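Worksheet for the structure shown next.
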Amino acid sequence: MGARPLKKLSTLHFARVSIVNGNYMLFASVYDGDFMQYVEDFGTRIAKQIDTIFGACVGYPKAGAADVFQFKDFLAARQVPTNAFGGSYLDRSLLQIQASLRLTKCLGGFTRRVGAQHRRLVPKLDKFLHRHQDLLT
Amino acid sequence: MLELSQIQSNILREYRHGTAPAFVHFIFLRFGEAKEARDLIKALYPMVTSCARLDGGVPSVLNIGLAYPAVELFGFGGDARALNERDDEATGTIEAFKCGMRVRAAEILGDDDDSDPSNWEAPYRQGRLHAVLCLNAHTREKLDASLKLVGDAIASFPSVQRVHDEAAADFGGDLSGTEHFGFADGIAQPSVLDSGEPNYAGAGTPGKRRGWAPVKTGEFVLGHLDESGQVQFRSEFFKDGSFMVFRKLQQHVGRFRDYVNATAERSGTDSELVGAKMVGRWKSGAPLMLAPNKDDPALAADAKRNNDFRYKDDKEGKRCPIGAHIRRNNPREDPTGPGTIQTSKHRIIRRSTPYGTRLPEGASDDGQDRGVLFVVINADIARQFEFVQQNWVNSVLSSTVLTLPEDRDPLIGHQRNPDKAGKFLMPTAKRNKPPVIAWSLPRFVTTRGGEYFLLPSLDTLFHIGQGTRPPSDQEACESPAEQHDAPSPDGEVEATVPSDPDPAAGPGDGVVEPDPPAEPELVEPPAEPSGPADDDMSR
């Protein structure tokens, strides 16, 4: 099913589904913030796709991921603790990283087009900031 | 249909802008002997106001909230424990209720630094409170009359300690319904299914295309169908009750005005606009989504229009900034936010009344203590109040646009210390103009204390007063844990209670009776004890 449904989760860095020992499924993901918020995102934004992936598991809630509380308990009961966890931007959220990368790119283009000596630097910069307001949040 | 004669009035009544009582008083109690505590409840019972009784007209209102230690004292701790073990959804709220606000404050509610519980006022910091009596009236005289009766009742039970009082009052006149920062308060409130209150546009859950559905009853009244399609808290002890969050929030008015003025001056805009952008509404209450350029008092005064908006046409926050207070706390169908379904599971009823004198317009800070006594009504403290506070006020995790966790609610967020303080972005619709950014937000609000309470149904209060148990509802008994006469799991001593000494006296034999309303149409609970109840809990 590709990575598209997971794109709807703005807190999810990575997710991986694998089959272990023939009849176990391992779902590993890296996400920002609170577990409850994450589970709710599953249940309210991509419940159908989650049901497709997890639906065959033993003990999966009858009403699927849309039953957020059952689904939370289902996941919580089956969690495997991570003993070693590393990353380059552990203190940055996914959206923050994405926005920073885009802003850096746009700013690079701007500095090439409009040098520090440009005689209309201030209005140009204002226009740039206006166009990229969404990256400043 | 709801039994409005069972539900305490502060759950579903008088919370909308314009209907809120002008004078509000809280009395916090700590109980000693269980018997005296029961007798106090019994004495106060005739004054306790239900929704139905309020609808019939009352001079003043009394509501009773119990903190978890009191529930234990009265021998109903087993109900909460059974629920905790059996009920998936209730786990969070019972846990929160059990711990109390102080334990949850730093980690979940974000109360750190000056808001840290170790800096709270003594009554909220030292030991657990047992109960709160919430009194209110529309005039000072009526409140005072009621306070006298309640005060006398408390004084007649020496082991009941009157720990602390809090008083708050509306500013009155033109300033009626506003808070210290100058903004109209309490406009966007959930409309509740079957509550008998009007369902104004914008109050409930937005429909797919148009229209607003009232929020399901179970989000605010225990034992009813909620937004996730479940009925939680079915046991008779909890049914028709609700949970109440009390918080004393100090407002730094001078700091707020100075900051707004400085931000406006630096960016060449108007300070009214900067303040409105932070809140999402103008001072009158007119929402930016409907009045983007200037205040519109006529719109604000119209309850049918002043809340009737969606965020779908403002994905960039050019009208109402995405980080604005009202957009964070009730994101509706916001395409950049958590979405309709998720939002519907995190609604709260707010009631707040200002305390302290108002700082005159233009005056510099006078060092006086002022703020709001803030009350939240919700069925699940963890899922509703705490979730909003943790994820929406003090973080940005539900948003697809806000990215910096440091950027918290500009009005009530607990900003980090100055070097890590967040900012607040106000995108502009003006062509080629840069957005206004409010940098280094200070804290405008400090938590001074608070606690979580259960607002039991009238029936439950009656039975507490009598020392009996509510009759167990056979239909609700799905598991042995819920049968009320099963011994408590952890083997607490259960004494057999002498049967009700005078069942016929029922609710009428209290010591106090305010202005004798015709004895309300309270459904008189059957008073026969349904089994051994716990009484000997005063150890």
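All values derive from a computational prediction rather than experimental measurement. Protein chains get the first letters and strands the later ones, always in sequence-line order, with residue 1 at the start of each.
- Each of A/Leu135, A/Leu94, A/Asp134, A/Asp126 has some count of heavy-atom pairs under 4.5 Å with chain B, and the biggest count is that of A/Asp126.
- Relative ring orientation between A/Phe71 and A/Phe54 is described as perpendicular, the plane-to-plane angle rising above 60° on a 0-90° scale split at 30° and 60°.
- Note: A/Thr44 leads A/Thr44, A/Ile97, A/Val68 in heavy-atom pairs under 4.5 Å with chain B.
- Here A/Phe128 and A/Phe110 bring their ring centres to under 6.0 angstrom of each other.
- Checked against the 6.0 Å centroid criterion, the rings of B/Phe387 and B/Trp392 qualify as a close aromatic pair.
- The candidate with the highest count of non-hydrogen atom pairs below 4.5 Å against chain A, out of B/Asp407, B/Asn432, B/Thr340, is B/Asn432.
- With chain A as the partner, the residue from B/Arg431, B/Lys430, B/Lys315 showing the most heavy-atom pairs under 4.5 Å is B/Lys430.
- Using a 30° and 60° split on the angle between ring planes, B/Phe243 and B/Phe238 fall in the tilted class, from 30° to 60°.
- With a 4.5 angstrom heavy-atom cutoff, B/Ala382 does not touch chain A via any of its atoms.
- Between A/Phe35 and A/Tyr31, the angle of the ring planes lies from 30° to 60°, which puts this pair in the tilted group.
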